[in-house]
Protein chains: 2
Amino acid sequence: MTDITRPVLPPLPVPAPQDDALFVDSIARGFRVLSAFHGAAGPLSLGEIAARSGLGKSAVQRIVHTLRQQGYLRRDPGDRGYLPGLRLLDHALDYQRLNPEIARVLPVLMELRAATGERVDFSLRDDLRLVYALRFQSKRGFYAASLIGTSVPLYCTAGGRAVLGRLPEDEAAAIIARSTLIPYSGRTLTDPDAIMARVAEAREAGFAIAEEQIVAGEIALGVPVLDETGHPIGAIHVAGSLAEWDADSFARNFAPLAMTAAGALNRR
Amino acid sequence: MTDITRPVLPPLPVPAPQDDALFVDSIARGFRVLSAFHGAAGPLSLGEIAARSGLGKSAVQRIVHTLRQQGYLRRDPGDRGYLPGLRLLDHALDYQRLNPEIARVLPVLMELRAATGERVDFSLRDDLRLVYALRFQSKRGFYAASLIGTSVPLYCTAGGRAVLGRLPEDEAAAIIARSTLIPYSGRTLTDPDAIMARVAEAREAGFAIAEEQIVAGEIALGVPVLDETGHPIGAIHVAGSLAEWDADSFARNFAPLAMTAAGALNRR
DNA sequence: GCAAAAGGTATCGCAAAGCGATACGGTCGT
DNA sequence: ACGACCGTATCGCTTTGCGATACCTTTTGC
């Protein structure tokens, strides 16, 4: 049995909120400190935070002090270093509550969950990646992968390819070119042309299928979600297990449902 | 049908991350701006943010600028004011990933979910409130109330009373005294003595039951989760509908399961 | 349709706020 | 027992970010 307490995802090199170090607001520094935890595997000490954030030790010291007394950072119970604090969840909640896209998608996604019986989720595009904003587990949701905020690259996910398919071809190619193409699983496509071929398929079909592009044994179907102007803002996923489905039957069963769901969102 | 896109919870006056305005770090100011959204019902303009955060317009202007280019804030698509940004989810994920308590509770909670078939969740204590850190919907999870980061008061929730029961009596009384006792539903207890009586019951039984203390039609069972020293750090909830259960049968069915689950966590 | 109000953006100089450097005590690991 | 590292504290210098102010655009009210 695998350790479900740790994210099942491979060591996704978290697409770091890179700051164009141009603007050196002190507020940005605060978030630099918090962002130091993005790649982290455990608690970080002051020194580690300083190293990861590129800030001086004194600066980190003061910033950590503030963040701690505000509840955005806390000491590890075992007294080894620091950890992100509970208050961060308050802001995540505000994001979900107030986001109009999420409000629009939520009911549709719940219906889709009921209709498919599989795991469904909604993710929003952020440059080269998709960030999961809403997730509904299936009954047999083994995964700790129901965590909000997880992000995956556009180039090797069903939703990502669905999104790319709704962008001008040169733009899609540019995105793939800017992405670091990592073979997460043995079957991950890393050849730009091969990826673009899949994107083209997705554009025509209106949905994309990805088989174990990131996690072994997983199959996912993605459809794009558009804004009023027709630009893709994110994607809806239906995810299942290859132990139960093959690509054809998965698509036959769920593509119509998923596309109907997305369609309800996209017109208007 | 109710509008499930809006939180089903009553207008919970969000226990605001109050800052003792002593430390006036500029980093704290950044979070003051983000915290302005806690009570908000929609997008906020610069002026509104300034008013809610108690900062000057110029300060807000600059801070918003920074937050926006970092992705922690964005403009409303309809071009009305500002909204929390996607990057906030990255930090929420770090919190969940790295938190040792959550890692400890997760597998147990998933088992409990399977065993009960009802909605289960784990919440952590933050002063006067419990913040939901993990949630697993039931099949008939109508609610958008599966959102992480939602918080509820200690005094009127099953988990809260379970937590209070593991604190010294004077401490529990002090917490209730400091809480603003609001009758969210018609049946919410607001008399301190009555609440303390429930807390005492919870202490003896090892679990607490709360019937529609916040949301009408909901019944919840809470058991405390302790750290190594025996102090309560949070609670596990099992939540169901009064349409299907009465308090007695709910307790008979789920108290043993929930207490076993918590027990597995609490020893050691 | 016009006046008034509010929203967003920009500039600029002064004061305060935060960083760098440095030093100290405690704890871990070898 | 020693050295490395971690967290804490102090203290000037300088940088940074705030307040005041002004301008333009959009919305509100009549």
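Numbered from 1 within each chain, the chains take letters A, B, ... in sequence-line order. Owing to the predicted nature of the structure, the values given are computational and were not obtained by experimental measurement.
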What salt bridge (Lys or Arg N to Asp or Glu O under 4.0 Å) pairs are there with at least one residue in residues 58-69 of chain B, not counting sequence neighbours? A:D25-B:R62

Residues in side-chain contact (heavy atoms from CB on, under 4.5 Å) contact with A:V64, at least two apart in sequence or another chain: A:V33, A:L46, A:I49, A:V60, A:L73, A:Y82

For residues 159-171 of chain B, the side chain to side chain donor-acceptor pair (under 3.5 Å) pairs (sequence neighbours left out) are B:R161-B:Q213

For A:D94 and B:H38, which I'm curious about, is there any donor-acceptor pair between the side chains at under 3.5 Å? yes

Can you name the side chain to side chain donor-acceptor pair (under 3.5 Å) partners of B:Y95, sequence neighbours left out? B:N99

Whole-Å gap separating C1' (C:dT9) and CG (B:L46): 9 Å

Without decimals, in angstroms, what is the distance between B:I49 CD1 and C:dA6 P? 17 Å

Just the table, please: protein N/O against nucleotides 23-27 of chain C N/O, every pair under 3.5 Å.
none

Does a side-chain N or O of A:R75 approach OP1 or OP2 of D:dG7 to a distance below 4.0 Å, or not? yes

Between CD of A:E48 and P of D:dA4 the distance, given in whole Å, is 18 Å

Strictly under 3.5 Å: I want the nitrogen or oxygen pairs between protein and nucleotides 15-18 of chain D, one per line.
from, atom 1, to, atom 2, distance (Å)
D:dG17, OP1, A:S26, N, 2.1
D:dC18, OP1, B:R29, NH1, 3.4

Can you list everything that forms a side chain to side chain donor-acceptor pair (under 3.5 Å) with A:R74? Sequence neighbours excluded, please. B:E101

Residues in side chain to side chain donor-acceptor pair (under 3.5 Å) contact with A:S26, at least two apart in sequence or another chain: B:S26

Among residues at least two apart in sequence or on other chains, which ones pass ring-ring contact (aromatic ring centres under 6.0 Å, His included) with B:F31? A:F31, A:Y72

Describe, as an angle rounded to 10 degrees, how the axis at the first end of the helix from C:dG1-D:dC30 to C:dT30-D:dA1 is tilted relative to the axis at the last end, five pairs per end. 60°

Take a 6.0 Å sphere around CD of A:E111 and say whether it holds more than 12 heavy atoms from other residues, nucleotides or ligands. no

Got a sec, which residues hit side chain to side chain donor-acceptor pair (under 3.5 Å) with A:R29, two or more places apart in sequence or on another chain? none

What is the distance from CZ of A:R68 to C1' of D:dG7, rounded to the nearest Å? 9 Å

To the nearest angstrom, how far is B:L55 atom CG from D:dG19 atom P? 8 Å

For the pair made of CD in A:Q61 and C1' in D:dA9, what is the distance, rounded to whole Å? 7 Å

B:T229: which residues meet the side-chain contact (heavy atoms from CB on, under 4.5 Å) condition with it, sequence neighbours left out? B:D227, B:H231

Would you say B:R80 reaches C:dG8's phosphate, i.e. side-chain N/O to OP1/OP2 under 4.0 Å? no

